[in-house]
Amino acid sequence: APEEEDDTLFSTSEAAVMVAVCEGEIEGYARTKKQSVYLNDTQVQSDNGTDNFGDEIKITDIRRGTNDQSPLGDGFDDVEIEQTIGVKVTKDQGGTSATTTRNDLSRLRVRVGVSALYQVQDDGDITGDKVDYRITISDSISGSPIISDQPNISGKSRGPFEKEHSYVLSGTGPWSVKVERLTDDSDTVAKVNDFYFKAIVGIVDSKFSYPMTAVMGMKFKAEQFSSIPRVSVHVKGLKIQVPNNYRPEDVDTDGQNAYR
């Protein structure tokens with residue numbers, strides 16, 4: 001009897017969330033990073049060390065809300081500009097090109113994909129397939145390619161699959177991005193491999209530090225949640241002035257004139 005291979009291609013995406021915790025300087029997380037952050041009222045890591053959402057959630061150190069604090073880094077300071085393309089690319093018709101809308105980009109992500117990827121063999125077995133393609137990026141001055149890459153999508157998927165490629169830009173913008181299909185177009189229903197130029201995402205490297213605002217960031221696999229989860233953060237709170245003879249251990253004070 002004919003057999004079908006399991007799907008091997010699964011689209012994954014990462015959500016990045018930045019949270020303004022407080023206006024003004026705070027002490028910091030109440031406990032460890034993961035034990036201080038809650039998603040939909042559930043602690044990311046229980047007090048006994050159990051990860052309640054797996055071990056793939058990344059949480060930054062908190063910026064405590066000082067005037068001279070450093071940026072969060074790790075991509076949280078980037079400005080991203082997405083341009084939707086959504087064009088089917090065929091070998092017969094040649095490549096499809098798009099031009100960035102800004103000329104101050106530092107990096108670029110090119111998103112491509114297939115509607116499905118499989119083929120039916122003569123004996124009825126259903127197996128995976130492969131699509132080769134070329135990505136070419138040119139600047140606006142020289143007109144010659146600054147990047148030429150020939151990746152592929154290989155495997156099996158009964159449904160849509162997307163893949164992103166990241167590149168560091170050089171030269172003078174705006175930049176032209178061309179995607180070409182190198183694999184022959186399918187001329188039979190037994191071979192399903194329609195290929196698409198989905199989008200380009202321009203990235204501006206910025207360094208926003210948000211002075212006097214306590215901020216933190218986190219990243220997680222988007223498929224872990226049906227929507228952006230509600231984020232709560234347990235912190236040692238806003239720093240305020242107290243009498244200089246205030247004794248926090250027994251919450252006792254014997255004067256109210258001097259503050260620190």
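From a predicted model like this one, the values you see are computed outputs, not experimental measurements.
Under the side-chain hydrogen bond (donor to acceptor under 3.5 Å, both in side chains) rule, Arg109 has a single partner from Glu164, Glu82, His165, which is Glu164.
Contact check for Tyr29 versus Ile59: side-chain heavy atoms found under the 4.5 Å cut-off. Within the 4.5 Å cutoff, no side-chain heavy atoms of Asp132 are placed close to those of Gln150. Here the side chains of Asp7 and Leu9 are not in contact, with every heavy-atom distance at 4.5 Å or above. Side-chain contact check for Val89 versus Tyr133: every heavy-atom pair is 4.5 Å or farther apart.
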Decide side chain to side chain donor-acceptor pair (under 3.5 Å) for Thr90 and Asp92; before the verdict, give the C-alpha distance in whole Å, the side-chain angles of both, and the deciding distance to 0.1 Å. CA-CA 5 Å; Thr90 65; Asp92 287 347; over 6 Å; no
Checking Glu180 against Thr136 for the side-chain contact (heavy atoms from CB on, under 4.5 Å) test, could you report, in this order, the C-alpha distance in whole Å, the side-chain angles of both residues, the deciding distance, and whether it holds? CA-CA 8 Å; Glu180 302 169 88; Thr136 306; 4.1 Å; yes
Check against side-chain contact (heavy atoms from CB on, under 4.5 Å), Ile126 and Lys156: CA-CA 9 Å; Ile126 301 176; Lys156 177 181 173 291; 3.9 Å; yes
Derivation and outcome, side chain to side chain donor-acceptor pair (under 3.5 Å), residues Asn52 and Ser46: CA-CA 7 Å; Asn52 294 315; Ser46 300; 3.0 Å; yes
Run the numbers on Val110 and Phe197 for side-chain contact (heavy atoms from CB on, under 4.5 Å), then give the verdict. CA-CA 8 Å; Val110 180; Phe197 183 2; 3.9 Å; yes
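For the atom pair CG of Asp129 and OH of Tyr118, the computed distance is 11.0 Å after rounding to the nearest 0.5 Å. Leu105 contributes atom CG, which lies 5.0 Å from atom OG1 of Thr100 (distance to the nearest 0.5 angstrom). Distance check: Tyr210 OH to Gln69 CD gives 10.5 Å after rounding to the nearest 0.5 Å. Distance check, rounded to the nearest 0.5 Å: CZ of Arg230 to CG of Leu39 gives 10.0 Å. The structure places CE of Met212 at 9.0 Å from CD of Glu23, a figure rounded to the nearest 0.5 Å. To the nearest 0.5 angstrom, Glu25 atom CD is 6.0 Å from Thr66 atom OG1.
Phe53 and Phe225 have tilted rings, their planes meeting at an angle from 30° to 60° on a 0 to 90° scale.
A salt bridge links Lys33 with Asp61: at least one charged nitrogen is closer than 4.0 Å to a carboxylate oxygen. Ion pairing of Arg64 with Glu27 is absent here, as no side-chain N (NZ or NE/NH1/NH2) approaches a carboxylate O to less than 4.0 Å. A salt bridge links Asp78 with Arg107: the distance from a Lys NZ or Arg NE/NH1/NH2 to an Asp or Glu carboxylate oxygen falls below 4.0 Å. Salt bridge present: Asp194 and Lys88 bring a charged side-chain N and a carboxylate O closer than 4.0 Å. A salt bridge between Lys91 and Asp184 is present, with a side-chain N of the basic residue lying under 4.0 Å from a carboxylate O of the acidic one.
No hydrogens or angles considered: nothing links the side chains of Asn40 and Thr42 as a donor-acceptor pair under 3.5 Å. Residues Thr32 and Gln35 bring a donor and an acceptor atom of their side chains to less than 3.5 Å of each other.
A donor-acceptor pair under 3.5 Å is absent between the side-chain atoms of Arg181 and the main chain of Val131, judged by distance alone. No side-chain donor-acceptor contact under 3.5 Å links Arg134 to the backbone of Ser148.
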